[in-house]
Amino acid sequence: MPQHIALKDPNREARIFSARTVTAILIVMGLLGLILARYHTLQITEYETYRTQSERNRVQLQPLPPKRGLIYDRNGILLADNRPSHLLSIVVERVPDLEQTLAELQQLVPISESDLEAFYKKKNQRRPYEAVPLRFRLTEGERAVLAVNRHRLPGVTVEAQLLRHYPHGELFSHAIGYVGRINERETFELDASDYRGTFHIGKVGVEKYYEDILHGDVGYQNVETNAHGRVLRVLERFDPKPGADLVLHLDIELQRVAFEALGEQRGAVVAMDPATGGVLALVSTPGYDSNLFVNGISSADYSALRDSPDVPLFNRAVQGQYPPGSTIKPMLAMAGLESGLVTPEYTVADPGWYSLPGDSRRYRDWILKIRGTGHAPRVDLEMAIAESCDVYFYDLARRMTIDGMYEYLHPFGLGERSGIDTTNERRGVLPSTRWKRDAMNQPWYPGETISAGIGQGYMLATPVQLAVATTALATHGTHYSPRLVQAINGEAVSAPQLPPVPGSEAHWQAVQAAMREVVHGRRGSARKIAKGIQYEMAGKTGTAQVIGIAQGEIYREEEVAERHRNHGLFIAFAPLENPTIAVAVIVENGGGSSAAYPIARQVIDAWLLDEENPAVAADVAGPVEAN
Amino acid sequence: MGDYVRQLPGSSAGLARRPGATQRFHLDVPLLGLLLALTLFGLVVLYSASGQDMGAVIRQGRFFLVGFAVMITAAQISLQRFQRWGPWFYLGGVALLVAVDIAGVGAKGAQRWLSIGGFRFQPSEIMKLTVPMTVAWYLADRTLPPRFKYIVACLGIIAIPAALILIQPDLGTALLIAASGLFVVFMAGIGWGYIFGAVLLAVASAWPVWMYGLKEYQQQRILTLLNPESDKLGAGWNIIQSKTAIGSGGWEGKGWLKGTQSQLDFLPESHTDFIIAVLAEEWGLRGVIILMGLYLLILLRGFWIGIHAQSSYGRLMAGSLTLTFFVYIFVNMGMVAGLLPVVGVPLPLVSAGGTSVVTLMAGFGLLMAVSTEPRRVVH
């Protein structure tokens, strides 16, 4: 510091400062002059304009909320519409004593604590003379009571507005989601002017994913009102732009069949059109009545849904991550063929168990506990898939290694979000040595490769992922990111194509032929559903263990608590030649795949055998009528 | 009085005279008079703007009393002491800002307040004085105009609190505090090359940030800020109403307590940030000129004190405090008239509110300490 003091020149510094002060004064005067000029313009030049504007200060700008877009199924059946509903609101400026008015209103119609809370919140954000909603969905009787008492309640208005309604309730709860009242966090994030006059917003599912499109654009009108707030005339009006209507790929009939087939069981069904990626059915049970959420669900209803052990709010179709079990085998077989580790003729010795070289641990085949031996002395690819032979795939998995499996299974869409146009999709797990190092900071053990070979261990997939993988099996490798929405305002939306799964024709056909045997083969694991079937179906059963079974212990279903029973899975597509539907089914704690494959049969029947088509319907009934 | 004023800058004629009361209490009489006139005028406007609420006027009057007490107290403190204490207050303020970012009480979604024993205050308010004090302390003993590395150090002193306030988030205050510090650097004689260079750099970097650094909705918010009238139902509503209030006042005004825009609640924030619109509506352009005249006299007095200060520190403080005071006036009057984006800046010493009064008056106390510095040297 001393050297600075030595260099300081007080006179020079004073001169610099004085010069700067003069500059500052000039800038200050200039800018103040600019401000003064602005006030001069407003108050003298444009005085007349503003005077007139202020004369008309009872002119109000009213927001006109847009009509929310409708949602239809593929046949044009309404799945979400808007119904007129009456709401009670208050123009605070016109109420002499707000507390007293609220007390009087509470005598006339029921007003809940949460209604009041929402009212006060909204009241603090309103502009002068803007009506603040207090109670939604007034009944006829309540409207009558309010009409009678209207004269002594100045500032209280009853208005009609459109409110979301879901005619099919629980049937589509997980497929399209729901709207609900805008909450505080959303208020903060939303474009405030676009949502003026709008009280609801998509919370989950298609309703949320397509919120921007469904909502539309707000309009407004300038109205002149008299001293009592009655609108005398509309001065100018900018119409709101209604939200776009959505047509879904979903088919209400298919949806209903899947929903009823699942019945009281917990599970999910996803059906897709392999040619387009369109989602034909998306069901997760149990569901809930979406209408409950539209106007703020009561806390009793909400805690019932939230605390139910069946987690009805959980969308199993996209959020549920399950071990795929043996449904992974067709994909793995394809991997084996493509990598050259097996051929269609290649066989594996099957004593009913498998062990790693130099390790005494026995990995059992599921058939061991039933027959006490393997499927056959030697098992080839077709038999391995048709009868779901574990030993064949234990051997293939070991030779392929976990990273080899990752390389071939990843293109099917496993371990990656499918990109379906709805909310909360999970990505599942397609394990690899790298995944395990990153996720658990542990090395990969050879035994884990064995369980991965039958879709157990770390491997997890959502029903939507399994459906996408099934479409790839159906189309020889061409698959799409699933789309619920088919068209927006009449304009077709196409699903983005996923990178194709590479594979030779001969290999795809070998795997498809084996999957055909699963259903139609004499010893196929899903042969029970082949009875009376009128088309060729390719499928694959799966059973996913919920709890680990210790070495040497025999699993007995009836002894295991319901919640610990195995999940039943089934994937399928049909018709075998030129498939038009691919299905993935999971039944939680269904015991085994036998809980799942009948559901797939019903769904595919409903799709292929349209009962409105008399020819086909007669065909189905054929053997019974026998005329 | 006129004679006395001319003798203030420590001339020997002044020293020869017997010290009067104002001299003994280190008061700058012209500044004191102007401030008294401004605050009284402010209370008259406030009575109307608050909807003839005497309670609001009394409350504000009490703030003014506290403010004047703070000012007089501050004027008694010697400049050397300000210079020594400044950096410590600065460090304390920065610590409080960190505390607020961690444990602050949110108001309208932003964390600005710190609550200690039930007493709530905004640490960012402290920084409005301590940032210029610290920059001035840093530069005062160095050769002026400052060399490049000292400028960089000053920018560091300014950037730390500004960044902490920015993340609260409070863009307006962060910019004002940054400006108050930069004014010191400007008054210290920083080369014009640096100034134009910085401006060019800011303009040149704005485009890539806009194109690649901001999401579409963020761009939309900035566009709305710059052109609020595009958002007729949101931010634009305030501006349309305030412009209507100002414009309909004309030259003569509608008369005290007779403004329809303000009295019928059409004007938002009429007693706080938008109070100038009430004045313009009820007193007309004449009233605006009177107010601006008062402000201008205060500003000129501030600059005058700076020019006649004896130390570098005193000069830098006087210059920067005066410029900061000007920025408040400019930003507030500009935003209410639709000339500048709407940021929450009160009209100094007229808008209702206590914190800004206390800070501003503390600043004027420091200004008085500068103005009476020479006499102190002789005593």
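Just so it is clear: chains get the letters A, B, ... in the order the sequence lines come, proteins before strands, and each one is counted from 1. None of the values given here were measured: they were computed from a predicted structure.
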(message) Let's go through A/Met29 and B/Leu296 carefully: what are the C-alpha distance in whole Å and the side-chain angles of both, what is the deciding distance for side chain to side chain contact (heavy atoms under 4.5 Å, CB included) to 0.1 Å, and is it a yes or a no?
(response) CA-CA 8 Å; A/Met29 302 271 265; B/Leu296 184 60; 3.7 Å; yes
(request) I would like to know whether A/Tyr39 and B/Ile276 meet side chain to side chain contact (heavy atoms under 4.5 Å, CB included); could you show each step before the answer? (result) CA-CA 11 Å; A/Tyr39 280 76; B/Ile276 183 75; 3.6 Å; yes
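Looking at B/Met187, both its backbone and its side chain come within 4.5 Å of chain A, counting heavy atoms on both sides. In this structure, the portion of B/Ala188 lying under 4.5 Å from any heavy atom of chain A is its backbone and not its side chain. Both the backbone and the side chain of B/Leu285 come within less than 4.5 Å of a heavy atom in chain A. If you measure heavy-atom distances from B/Thr244 to chain A, the contacts under 4.5 Å come from both the backbone and the side chain. Heavy atoms of B/Phe186 lying under 4.5 Å from chain A belong to its backbone as well as its side chain. Neither the backbone nor the side chain of B/Ala277 comes within contact range of chain A; no heavy atoms are under 4.5 Å apart. If you measure heavy-atom distances from B/Ile307 to chain A, the contacts under 4.5 Å come from both the backbone and the side chain. Heavy-atom distances place no part of A/Ala19 under 4.5 Å from chain B, backbone and side chain included. Heavy-atom distances place no part of A/Thr41 under 4.5 Å from chain B, backbone and side chain included. For B/Ile190, the parts sitting under 4.5 Å from any heavy atom of chain A are the backbone and the side chain alike.
Proximity of A/Val28 to B/Phe303: side-chain heavy atoms (C-beta onward) are separated by under 4.5 Å at one or more points. You'll find the side chain of A/Leu32 reaches within 4.5 Å of the side chain of B/Phe326, heavy atoms only. Residues B/Pro145 and A/Arg12 meet the side-chain proximity criterion, which asks for heavy atoms closer than 4.5 Å. Counting heavy atoms from C-beta outward, A/Leu31 and B/Met333 have side chains that stay 4.5 Å or more apart. Side-chain contact between A/Ile35 and B/Phe330 is present, with at least one heavy-atom pair separated by less than 4.5 Å.
In this structure, CG in A/Asp9 is found 9.5 Å from OG1 in B/Thr143, a value given to the nearest 0.5 Å. Atom OG1 of A/Thr21 is separated from atom CD1 of B/Ile305 by 12.0 Å, given to the nearest 0.5 angstrom. Between the CG atom in B/Leu339 and the CG atom in A/Leu34 there is a gap of 5.5 Å [rounded to 0.5 Å]. Here the OG-CD distance, from A/Ser54 to B/Glu281, works out to 6.0 Å after rounding to the nearest 0.5 Å.
Annotation for B/Lys254: atom NZ counts as buried by contact number, over 12 foreign heavy atoms lying within 6.0 Å. A 6.0 Å sphere centred on NE2 of A/His200 holds more than 12 heavy atoms belonging to other residues, nucleotides or ligands. Within a 6.0 Å radius of CD in A/Glu189, other residues, nucleotides and ligands contribute more than 12 heavy atoms.
Nearest heavy atoms, B/Arg142 versus A/Glu13: O-OE2, 3.7 Å. Contact between A/Arg20 and B/Trp192 at its shortest, heavy atoms only, is NH2-NE1, 3.4 Å.
Across A/Pro10, A/Ser18, A/Ala24, the residue that shares the most heavy-atom pairs under 4.5 angstrom with chain B is A/Ala24. The residue among B/Gly284, B/Gly334, B/Gly319 with the most heavy atom pairs within less than 4.5 Å of chain A is B/Gly284. The most heavy-atom pairs under 4.5 Å with chain B, out of A/Ile44, A/Val22, A/Thr49, come from A/Ile44.
Between the A/Arg38 side chain and the B/Ala337 main chain, a donor and an acceptor come within less than 3.5 Å of each other. A donor-acceptor contact shorter than 3.5 Å is absent between the side chain of A/Gln43 and the backbone of B/Ser248.
Figure legend: A/Arg51 and B/Trp251 shown without cation-pi pairing, the cationic atom not lying both under 6.0 angstrom from the six-membered ring centre and within 45 degrees of its axis.
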